[in-house]
Amino acid sequence: MKVRNKSGNENIKTSGTSGTRKIKDEPNDATSRICLALALVPMGRVVTYGSLAELAGLPRAARLVGQTLRKLPKDTRLPWHRVLNAQGKISLPEPGAERQKKRLENEGVTLLNGKVDLGIYLWPKPGEL
DNA sequence: GGAGTGACGGATG
DNA sequence: ACATCCGCCACTC
């Protein structure tokens, strides 16, 4: 039996009571919801950090998305490569940027001059969700 | 409990 | 279109 969640089981605990949380914490922590929202992104489509945060119910927490993705394990099945910044460009420094680009093109996402046309690939489109 | 941080975003120059 | 600055939010030390 393989451990699909090496730490997944309770990987994201601690922060529950981080303090900033005033009333009760919601069913899921922010990090968890970001992962869930990310899992919904269909292949061949992309989302921006900001929109993903919003989809996760965390408007304005775009940076959180970045920090969260940063912590993702290498073997994660989440489509982290479908996340781009609001400019339609890859934010990842160097190491992963190339891999991300390759994966995107592999899914049919065309990068023009290193940029993706969000008007076409951004998910969800109005009325689509 | 407090300060620093970041795979961002939007406004400005 | 590009570079810079400031603001945001939750996480980490």
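Keep in mind that the numbers below use all heavy atoms, side chains included, and drop hydrogens, waters and symmetry copies.
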For nucleotides 8-13 of chain B, give me one character per nucleotide, 5' to 3': B if any protein heavy atom sits under 4.0 Å from the base, S if the only such contacts are to the sugar-phosphate, - if neither. BSS---
What's the [atom1]-[atom2] distance between [X] and [N], to the nearest Å?
| X | N | atom1 | atom2 | answer |
| --- | --- | --- | --- | --- |
| A:Leu72 | B:dG6 | CG | P | 17 Å |
| A:Ile34 | C:dC8 | CD1 | C1' | 13 Å |
| A:Lys89 | C:dC2 | NZ | C1' | 9 Å |
| A:Asp29 | C:dC9 | CG | P | 18 Å |
| A:Leu58 | C:dC9 | CG | P | 10 Å |
| A:Leu69 | B:dA7 | CG | P | 10 Å |

Nearest heavy-atom contact between A:Leu111 and A:Glu105 is CD1-CG, 3.7 Å
If you take all heavy atoms of A:Leu69 and A:Leu38, which pair is closest and at what distance? CD2-CD2, 3.5 Å
Can you list everything that forms a salt bridge (Lys or Arg N to Asp or Glu O under 4.0 Å) with A:Glu107? Sequence neighbours excluded, please. A:Arg82
A:Glu128: salt bridge (Lys or Arg N to Asp or Glu O under 4.0 Å) partners, not counting sequence neighbours: A:Arg45
Hey, which of A:Asp117, A:Val83, A:Val41, A:Val109 is the one that makes side chain to side chain contact (heavy atoms under 4.5 Å, CB included) with A:Val46? A:Val109
In short, salt bridge (charged side-chain N to carboxylate O under 4.0 Å, His left out) pairs touching residues 92-101 of chain A with sequence neighbours left out are none
Can you name the atoms? Protein N/O to nucleotides 2-5 of chain B N/O, anything below 3.5 Å, with the distance.
unit_1: B:dT5; atom_1: O2; unit_2: A:Gln67; atom_2: NE2; d: 3.4

Output yes when at least one side-chain N/O atom of A:Lys71 is less than 4.0 Å from OP1 or OP2 of C:dT12, else no. yes
Is A:Thr68 close enough to C:dC11 that one of its side-chain N or O atoms is under 4.0 Å from OP1 or OP2 there? no
Mind checking whether A:Met43 and A:Val47 sit in one hydrophobic cluster, side chains of I, L, V, M, F, W, Y counted as touching below 4.5 Å? no
Considering only distance and modelled atom types, tabulate donor-acceptor pairs under 3.5 Å from the side chains of residues 49-58 of chain A, sequence neighbours left out.
unit_1: A:Ser51; atom_1: OG; unit_2: A:Thr48; atom_2: N; d: 2.9
unit_1: A:Ser51; atom_1: OG; unit_2: A:Thr48; atom_2: O; d: 3.0
unit_1: A:Ser51; atom_1: OG; unit_2: A:Thr48; atom_2: OG1; d: 2.9

Polar side-chain atom of A:Asn85 near backbone of A:Gln87 as donor-acceptor pair, under 3.5 Å: yes
